K.L.:
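First the structure, which I've put down as structure tokens, then a few questions once you've had a look.
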Amino acid sequence: MNEVSNEKISALQKIILEHANQQREALASDARKEADAWLTREMAKLERETNAVLADAKSRAEDIHRRQILSAEREKSTEALRQQNRLLGEALKKFQDGLTRLRDRADYDDILTGLALEAARALPGEQGIFKLKLASLDASRGEKVAESVSRKNPRFKIVFDHDPAPIIGGCWVISEDGRRQINADWQSRTQEMADVIADRLLSLL
């Protein structure tokens with residue numbers, strides 16, 4: 001009886017051990033599968049995060065590069081405009097200086113007369129009494145120029161105004177009522193020529 005019981009107990013123990021081993025292997029296998037699945041998920045998550053970081057870094061780098069290029073282009077464009085403006089300023093100054101030096105010519109009175117006649121014709125009516133204003137340096141020529149204008153075109157009665165105009169040369173012609181004025185001075189002529197000189201400069205640059 002005891003022998004039978006011992007055999008049964010041994011068999012039962014063997015069965016229990018085999019079942020335990022099977023369960024252990026199954027648990028170990030499930031654990032490995034779960035670990036592999038977790039590792040796969042984490043690696044995929046890490047890869048996505050890495051790609052996102054790299055994409056952001058690339059986007060930032062490209063944005064910085066674009067800004068640098070735009071900044072360089074703006075700086076280049078600004079420098080070009082600065083040089084153009086400098087050249088235009090120098091050209092206009094030379095042009096105005098050239099007009100100012102007309103005062104040294106023997107026919108300067110004739111030049112002033114021609115300017116005054118042109119200005120008088122530009123006023124509405126092309127006849128009547130007009131006032132002639134000159135720069136302070138040309139005041140001594142005023143009466144002679146006014147007489148010359150009236151003589152060359154009797155329709156105009158030019159009266160020299162001894163109060164000097166704030167100009168460096170040329171003249172102003174003003175209507176009798178003072179409401180209309182034609183500026184034929186060197187500053188005005190220089191400004192009128194600014195666009196022409198600018199176009200010529202641009203064609204050379």
Side-chain angles (χ1 to χ4, degrees), residues 66-205:
R66 281 195 299 271
R67 287 202 301 268
Q68 289 175 338
I69 291 176
L70 289 174
S71 177
E73 290 177 349
R74 281 196 301 268
E75 185 175 345
K76 182 179 179 181
S77 177
T78 301
E79 179 60 24
L81 287 174
R82 189 180 297 114
Q83 291 296 329
Q84 290 174 9
N85 287 334
R86 181 181 63 81
L87 290 173
L88 177 59
E90 291 177 357
L92 290 175
K93 186 177 184 306
K94 288 182 178 180
F95 178 74
Q96 186 169 285
D97 289 344
L99 292 176
T100 304
R101 285 194 296 273
L102 292 175
R103 185 176 284 115
D104 300 330
R105 290 176 43 160
D107 60 347
Y108 185 55
D109 287 353
D110 294 334
I111 292 173
L112 291 176
T113 299
L115 287 171
L117 276 169
E118 181 183 4
R121 292 193 187 100
L123 286 169
E126 293 191 7
Q127 58 185 357
I129 300 175
F130 303 122
K131 289 190 294 184
L132 172 69
K133 294 177 74 71
L134 301 177
S136 58
L137 289 176
D138 298 327
S140 61
R141 308 171 184 266
E143 296 292 350
K144 181 179 179 181
V145 171
E147 292 175 4
S148 180
V149 172
S150 298
R151 186 171 59 254
K152 289 181 179 296
N153 194 328
R155 289 182 303 170
F156 302 139
K157 173 60 178 177
I158 300 290
V159 177
F160 175 57
D161 186 344
H162 290 272
D163 185 22
I167 56 177
I168 58 176
C171 67
W172 287 358
V173 175
I174 307 168
S175 64
E176 184 177 9
D177 58 10
R179 294 180 179 178
R180 305 175 194 84
Q181 176 175 316
I182 301 297
N183 296 337
D185 60 278
W186 300 153
Q187 294 101 312
S188 298
R189 288 301 168 90
T190 299
Q191 289 303 314
E192 290 169 5
M193 290 296 296
D195 289 341
V196 175
I197 294 174
D199 288 342
R200 291 183 180 178
L201 277 177
L202 289 175
S203 66
L204 296 174
L205 295 176

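As the structure is a computational prediction, the values presented were derived from the model and not from experiment.
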K.L.:
Could you tell me whether the side chain of Phe130 reaches within less than 4.5 Å of the side chain of Val149, counting heavy atoms only?
P.N.:
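Side chain of Val149 against side chain of Phe130, heavy atoms only: no contact under 4.5 Å found.
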K.L.:
Once rounded to the nearest 0.5 Å, what's the spacing between atom CG of Asp177 and atom NZ of Lys131?
P.N.:
9.5 Å
K.L.:
Measure across Ala165 and Lys133 and return the closest heavy-atom pair with its distance rounded to 0.1 Å.
P.N.:
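In terms of heavy atoms, the two residues are closest at CB-CB, 4.0 Å.
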K.L.:
Counting only heavy atoms from other residues, nucleotides and ligands, does the tally under 6.0 Å from CZ of Arg86 exceed 12?
P.N.:
yes
K.L.:
If you compare all heavy atoms of Gly169 against all heavy atoms of Asp138, which two are closest, and at what distance to 0.1 Å?
P.N.:
CA-OD2, 4.0 Å
K.L.:
Using every non-hydrogen atom in the two residues, find where Gln187 and Pro166 come nearest and quote the distance to one decimal.
P.N.:
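Scanning both residues completely, I find the closest heavy atoms to be NE2-O, 3.8 Å.
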K.L.:
What is the minimum heavy-atom distance between Cys171 and Leu112, and which atoms define it?
P.N.:
SG-O, 4.4 Å
K.L.:
In Å, rounded to the nearest 0.5 Å, how long is the span from CG of Leu87 to CD1 of Ile197?
P.N.:
12.0 Å
K.L.:
I'd like to know if the side chain of Ser188 and the backbone of Ala184 have a donor-acceptor N/O pair within less than 3.5 Å.
P.N.:
no
K.L.:
Just by modelled atom types, is the Asp185 backbone N or O under 3.5 Å from a matching donor or acceptor in the Asn183 side chain?
P.N.:
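Checking the backbone N and O of Asp185 against the side chain of Asn183, no donor-acceptor pair under 3.5 Å is found.
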K.L.:
Under a 4.5 Å cut-off applied to non-hydrogen side-chain atoms, are Trp172 and Asp161 in contact?
P.N.:
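No - every pair of side-chain heavy atoms lies 4.5 Å or more apart.
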K.L.:
Atom CG of Asn153 and atom CZ of Arg121: how far apart are they, to the nearest 0.5 Å?
P.N.:
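Between Asn153 CG and Arg121 CZ, I get 6.0 Å after rounding to 0.5 Å.
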K.L.:
Hey, is the main chain of Leu92 close enough, under 3.5 Å, to the side chain of Thr190 for a donor-acceptor pair?
P.N.:
no
K.L.:
Just distance, no hydrogens or angles: give the donor-acceptor pairs under 3.5 Å from side chains in residues 140-147, sequence neighbours left out.
P.N.:
residue: Arg141; atom: NH1; partner: Asp109; partner atom: OD1; Å: 2.8
residue: Glu143; atom: OE2; partner: His162; partner atom: NE2; Å: 3.0
residue: Lys144; atom: NZ; partner: Asp109; partner atom: OD2; Å: 3.3

K.L.:
Taking all atoms of both residues into account, what is the closest heavy-atom pair of Ala116 and Leu132, and its distance?
P.N.:
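Looking at all heavy atoms of both residues, the closest pair is CB-CD1, 4.0 Å.
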K.L.:
At their closest point, which heavy atom of Leu123 faces which heavy atom of Ser175, and how far apart are they?
P.N.:
CD1-N, 4.2 Å
K.L.:
Given side chains that start at C-beta, do those of Lys93 and Asp97 come closer than 4.5 Å, heavy atoms only?
P.N.:
yes
K.L.:
Quick one: does Leu115's side chain get under 4.5 Å of Trp186's, heavy atoms only?
P.N.:
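They are in contact (side-chain heavy atoms under 4.5 Å apart), so the answer is yes.
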K.L.:
How long is the span from the OG1 atom in Thr100 to the CG atom in Leu102, to the nearest 0.5 Å?
P.N.:
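Going from OG1 on Thr100 over to CG on Leu102, the span is 8.0 Å.
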K.L.:
Rounded to the nearest 0.5 Å, what separation is found between the CZ atom of Arg103 and the CG atom of Leu99?
P.N.:
11.0 Å
